[in-house]
Structures are given as C-alpha cells and as structure tokens.
Visitor: 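Let me give you the structure first, and then I'll get to my questions.
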Amino acid sequence: LASVDLANRRRQRERAAPNFARYDFLYQLAVDDLSERLANFNRDFASILVVGDHIGRLSDLCQLLYPEALVVATDLSLGFIKQGKGIRIVCRDDMVPLAHGKWDLILSPLVLHLTENIPDTISGWYDLLSDSGIMLANCAGKQSLRELKRVLMQSEIGLKRPVVSHVLPLPDARQVATYLQQSKYQLPVVDSEVFRINYADILGLMYDLRGMGQGGVTLQLRPGYLTKEVLQVADRLYHEVYPSKDGSNIVATIEIISI
C-alpha cells in the first residue's frame, strides 16, 4: 500500500475541523458501527483509548456508558481535539505516546487506512492493550471510490496525459485479517459493508471528501495533473458509466471494513 503524506493529512484535517459537522455522515456511520459492536461485550472497561476521535462523539459515548473509566482520546488535528471534552491529546494515530499494556479497550473510527503503515499501526495498537484488552476499529476498504479511480484514469488516457493514481490504494478485508493475525491478536473478526452514495457530479464527491478531512490524502492530487479538462472529461464519463437509478446523479461506492 502507498505511503500517506502525513503533513498533507494534518493540513487537510485542520482545514476540515471547523465545518466537519456538515460532512460527518461517514464518520457517524463509523461511530454507529463501533457502538453497535461494543454493545456485544457484557463487561466494564477501566481504561479506554479512542484513536482518531474527530469531534468527540465516540469518547463522549464511552464516558456515558462507562462513567468510572479513564477515557483518553487522540487525534492528529488540534482543531478536532479542541471540539471534544475530557482528556484529549494531539498525536499521530500510528504513534500514540501512552503506556503499553494498559488499555482495556481501544476504539478507532475511520482513520486506520490513513496511517503511514497499516500493519505497523495495528501492531502498535496491540502493544497498547492490556492482557484482556479489546480493539474495535473500522477503515475505508478497497472498493471505496473505485468508480472515481476508473474515470480519472480513463480520462487521462483519453487526453493522452500521464496516468497518475489519484486514489490512495486501500486494503481489502483479507489483508486486514492477515495484519491482525501477524500482530498476534486473538480471535480476530473482520467484515465489511458497502454503501453507495449519490452525487450530482464529480466535484460534489470531491468536496465531500475534502470536508471529511480525507480529500488530500485519499485523493493524491498532484499539482498540474488533475486539470479542469481532466475533471470535465471524468465527470462526463462518470455520468455515462456510473449513473444513479434515475440517471440524474452519479454513484460513489464506499466500503467500510470493521475489525
């Protein structure tokens, strides 16, 4: 998998933080998914770590469900950290500067795919867990933005431009399961769910990605490559090849892998 531009990711998340609530529907899906899975565990947790907490909905839920627990939340963005309550730390998702072997529960909503090295991140989170600790996370999967990737590539070929991979390679569920096994997690469970979202045009999709804080990372927009001409051709192709049922919009696939 390709390496993530960490500095660019931080900039994108800081830019997204002030207006994130307008674009938070995928984040909310991720939070709902984790909260539903958490409900399957009939036990208390004395220490809870939320990695990539965004605006704090998951850490708030943990405080409500486990009022006696120590809940610590992290995020790469200071703008996001300032919007939450409780103990919150600005740090990288893959390098959490907290004690190893301490945390009974680690939760992470929709940031794993944006770390520099997914296997190393999963392994690092394992080291943070207590002996009976549980890790629940989700991330974008390989099927995400497959339509966008294809139309951008076809547009560049048609215009005789250099073909550039604008969409960051994402893991599939089998890869994630392998990473978990290699990191010595016991009884790992991985599944995925696919969502299809309608947009009026390709720019609407890109604006949403940017508003989520994922546009400059999931989309590798190299200066001078993704021109207005490429976008116009790509938008036309998108409407032709991936229209919505009524033909008025385009459809974007988002796959969420849950661990």
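All heavy atoms count here, side chains included; hydrogens, waters and symmetry mates do not.
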Visitor: Can you confirm whether more than 12 heavy atoms, excluding those of Gln28, are under 6.0 Å from its CD atom?
Guide: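 Yes, CD of Gln28 has more than 12 neighbouring heavy atoms, counting only those of other groups under 6.0 Å.
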Visitor: Could you check whether Gln143 and Thr253, counting side-chain N and O atoms only, form a donor-acceptor pair closer than 3.5 Å?
Guide: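 The answer is no; no qualifying pair exists.
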Visitor: Please list all pairs meeting side-chain hydrogen bond (donor to acceptor under 3.5 Å, both in side chains) that have one or both residues in residues 42-51, counting only residues at least two apart or in different chains.
Guide: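 Listed once each, the pairs would be none.
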Visitor: I need the Met212 CE to Phe25 CZ distance, nearest 0.5 Å.
Guide: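 These two atoms lie 3.5 Å from each other.
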Visitor: If two hydrophobic side chains count as joined below 4.5 Å and joins carry through other members, does Met95 share a cluster with Ile87?
Guide: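 No; Ile87 is not reachable from Met95 via cluster members.
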Visitor: Please name all residues satisfying side chain to side chain donor-acceptor pair (under 3.5 Å) with Gln83, sequence neighbours left out, ordered by chain then number.
Guide: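 Residues passing side chain to side chain donor-acceptor pair (under 3.5 Å) with Gln83: none at all.
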Visitor: If only atom types and distance count, is the side chain of Thr74 paired as donor or acceptor with the main-chain N or O of Ile89 below 3.5 Å?
Guide: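 Not a single qualifying donor-acceptor pair exists.
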Visitor: Which residue pairs pass the salt bridge (Lys or Arg N to Asp or Glu O under 4.0 Å) test with at least one member in residues 71-80, sequence neighbours excluded?
Guide: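 Those involving residues 71-80 are Arg13-Asp75.
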Visitor: Calculate, to the nearest 0.5 Å, the distance between atoms CD and CD belonging to Gln12 and Gln214 respectively.
Guide: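 Nearest 0.5 Å value for the CD-CD distance: 10.0 Å.
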Visitor: Kindly work out whether a path of hydrophobic side-chain contacts (I/L/V/M/F/W/Y, heavy atoms less than 4.5 Å apart) joins Leu209 to Val194.
Guide: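 As far as the 4.5 Å side-chain criterion goes, Val194 and Leu209 are not connected within one cluster.
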Visitor: Would you tabulate the side-chain donor-acceptor contacts of residues 197-207 under 3.5 Å, counting partners in other chains and residues two or more places apart, or write 'none'?
Guide:
| residue | atom | partner | partner atom | Å |
| --- | --- | --- | --- | --- |
| Tyr199 | OH | Asp208 | OD2 | 2.8 |
| Asp201 | OD1 | Leu203 | N | 3.2 |
| Asp201 | OD1 | Gly204 | N | 2.8 |

Visitor: Mind checking the OG-CG spacing from Ser258 to Leu110? Nearest 0.5 Å is all I need.
Guide: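 Going from OG on Ser258 over to CG on Leu110, the span is 9.5 Å.
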Visitor: Checking the side chain of Thr115 only, and the main-chain atoms of Val111 only, is there a donor and an acceptor separated by less than 3.5 Å?
Guide: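 A pair under 3.5 Å: no.
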Visitor: Taking all atoms of both residues into account, what is the closest heavy-atom pair of Gly211 and Ala16, and its distance?
Guide: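 For Gly211 and Ala16, the tightest heavy-atom pair comes out as O-CB, 3.4 Å.
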Visitor: Would you name the heavy atoms of Asn138 and Ala30 that are closest together and state the gap between them?
Guide: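 So the two residues come closest at ND2-O, 3.0 Å.
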Visitor: Please write out which residues are connected to Val31 in a hydrophobic cluster, directly or through intermediates, given that two of Ile, Leu, Val, Met, Phe, Trp, Tyr count as joined at side-chain heavy-atom separations below 4.5 angstrom.
Guide: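 When side chains under 4.5 Å apart are linked, the cluster holding Val31 also contains Phe20, Tyr27, Leu34, Leu38, Phe41, Phe45, Ile48, Val50, Ile55, Leu58, Leu61, Leu65, Tyr66, Val71, Phe80, Leu105, Leu107, Ile134, Leu136.
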Visitor: When the side chains of residues 181-190 are checked against the rest of the protein, which donor-acceptor pairs come out under 3.5 Å, sequence neighbours left out?
Guide:
| residue | atom | partner | partner atom | Å |
| --- | --- | --- | --- | --- |
| Ser183 | OG | Tyr179 | O | 3.1 |
| Tyr185 | OH | Ile122 | O | 2.7 |
| Tyr185 | OH | Tyr126 | N | 3.0 |

Visitor: For residues 26-41, pull every pair meeting salt bridge (Lys or Arg N to Asp or Glu O under 4.0 Å), keeping only residues two or more places apart or in separate chains.
Guide: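 Listed once each, the pairs are Asp33-Arg37, Arg37-Asp191.
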Visitor: Using the salt bridge (charged side-chain N to carboxylate O under 4.0 Å, His left out) criterion, which residues pair with Asp104? Sequence neighbours excluded.
Guide: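 None.
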Visitor: The criterion is side chain to side chain contact (heavy atoms under 4.5 Å, CB included); which residues satisfy it with Asn117, sequence neighbours excluded?
Guide: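 With neighbours one apart ignored, the set is Pro119, Asp120.
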Visitor: Dump the intermediate steps for salt bridge (charged side-chain N to carboxylate O under 4.0 Å, His left out) on Glu116 and Arg92, then the final yes or no.
Guide: CA-CA 10 Å; Glu116 263 195 315; Arg92 289 173 55 161; 2.7 Å; yes
Visitor: Run the side-chain contact (heavy atoms from CB on, under 4.5 Å) test on Leu29 and Glu193 for me, step by step, so that the C-alpha distance in whole Å, both residues' side-chain angles and the decisive distance to 0.1 Å come before the verdict.
Guide: CA-CA 11 Å; Leu29 281 175; Glu193 186 171 2; over 6 Å; no
Visitor: Ignoring hydrogens and geometry, is there a side-chain-to-backbone donor-acceptor pair from His113 to Ala140 under 3.5 Å?
Guide: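 A pair under 3.5 Å: yes.
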Visitor: Indicate the atoms forming the closest heavy-atom contact of Ser108 with Val51, along with that distance.
Guide: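 Smallest heavy-atom distance, with atoms named: OG-O, 3.0 Å.
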Visitor: Do you know which two heavy atoms are closest between Ala137 and Trp125, and how far apart they sit?
Guide: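 That closest heavy-atom pairing would be CB-CZ3, 4.1 Å.
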Visitor: Take Lys102 and Leu70 through the side-chain contact (heavy atoms from CB on, under 4.5 Å) test and state the conclusion after the steps.
Guide: CA-CA 11 Å; Lys102 175 181 177 60; Leu70 169 66; 3.9 Å; yes
Visitor: May I have the step-by-step check of side-chain contact (heavy atoms from CB on, under 4.5 Å) for Leu237 and Glu240, ending in yes or no?
Guide: CA-CA 5 Å; Leu237 282 173; Glu240 292 173 357; 3.9 Å; yes
Visitor: Measure the shortest side-chain to side-chain distance between Gln154 and Ile157 over non-hydrogen atoms and say whether it is less than 4.5 angstrom.
Guide: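 No. Closest side-chain heavy atoms not under 4.5 Å.
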Visitor: Please tell me whether Leu6 and Ile81 are part of a single hydrophobic cluster in this structure, the criterion being side-chain heavy atoms less than 4.5 Å apart.
Guide: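 Different clusters.
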Visitor: If you measure from CG on Leu112 to CG on Asp94, what distance do you get to the nearest 0.5 Å?
Guide: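 Separation between the atoms: 9.5 Å.
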Visitor: Give the cluster check for Val251 versus Leu231: same hydrophobic cluster or not, with ILVMFWY residues linked at side-chain heavy-atom distances below 4.5 Å.
Guide: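 Different clusters: Val251 never reaches Leu231 through Ile, Leu, Val, Met, Phe, Trp or Tyr contacts under 4.5 Å.
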Visitor: Could you tell me the separation between the CG atom of Leu152 and the CD atom of Glu147, rounded to the nearest 0.5 Å?
Guide: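 CD of Glu147 is found 11.5 Å from CG of Leu152.
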Visitor: With a 3.5 Å cut-off and no angle check, do the side chains of Ser77 and Glu14 form a donor-acceptor pair?
Guide: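 Yes, Glu14 and Ser77 have a side-chain donor paired with an acceptor closer than 3.5 Å.
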Visitor: Calculate, to the nearest 0.5 Å, the distance between atoms CZ and CD1 belonging to Arg236 and Ile250 respectively.
Guide: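 It is 14.0 Å, given to the nearest 0.5 Å.
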Visitor: Which pairs of donor and acceptor atoms, one on a side chain in residues 241-248, lie under 3.5 Å apart (sequence neighbours left out)?
Guide:
| residue | atom | partner | partner atom | Å |
| --- | --- | --- | --- | --- |
| Tyr242 | OH | Arg150 | NH1 | 3.1 |
| Ser244 | OG | Asp246 | OD1 | 2.8 |
| Ser244 | OG | Asn249 | N | 3.0 |
| Ser244 | OG | Asn249 | O | 3.4 |
| Asp246 | OD1 | Ser248 | N | 2.9 |
| Asp246 | OD1 | Ser248 | OG | 2.8 |
| Asp246 | OD2 | Ser248 | OG | 3.0 |

Visitor: Under the rule for salt bridge (charged side-chain N to carboxylate O under 4.0 Å, His left out), what residues qualify as partners of Asp93, not counting sequence neighbours?
Guide: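 Partners of Asp93 under the salt bridge (charged side-chain N to carboxylate O under 4.0 Å, His left out) test: Arg9.
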Visitor: Hydrophobic cluster membership, with links at side-chain heavy-atom distances under 4.5 Å among I/L/V/M/F/W/Y: are Val90 and Leu49 in one?
Guide: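 Shared cluster, no.
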Visitor: Does any pair with a residue in residues 48-69 pass salt bridge (Lys or Arg N to Asp or Glu O under 4.0 Å), and if so which ones, sequence neighbours excluded?
Guide: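 Every pair satisfying salt bridge (Lys or Arg N to Asp or Glu O under 4.0 Å) with a residue in residues 48-69: Asp24-Arg57, Asp53-Arg88.
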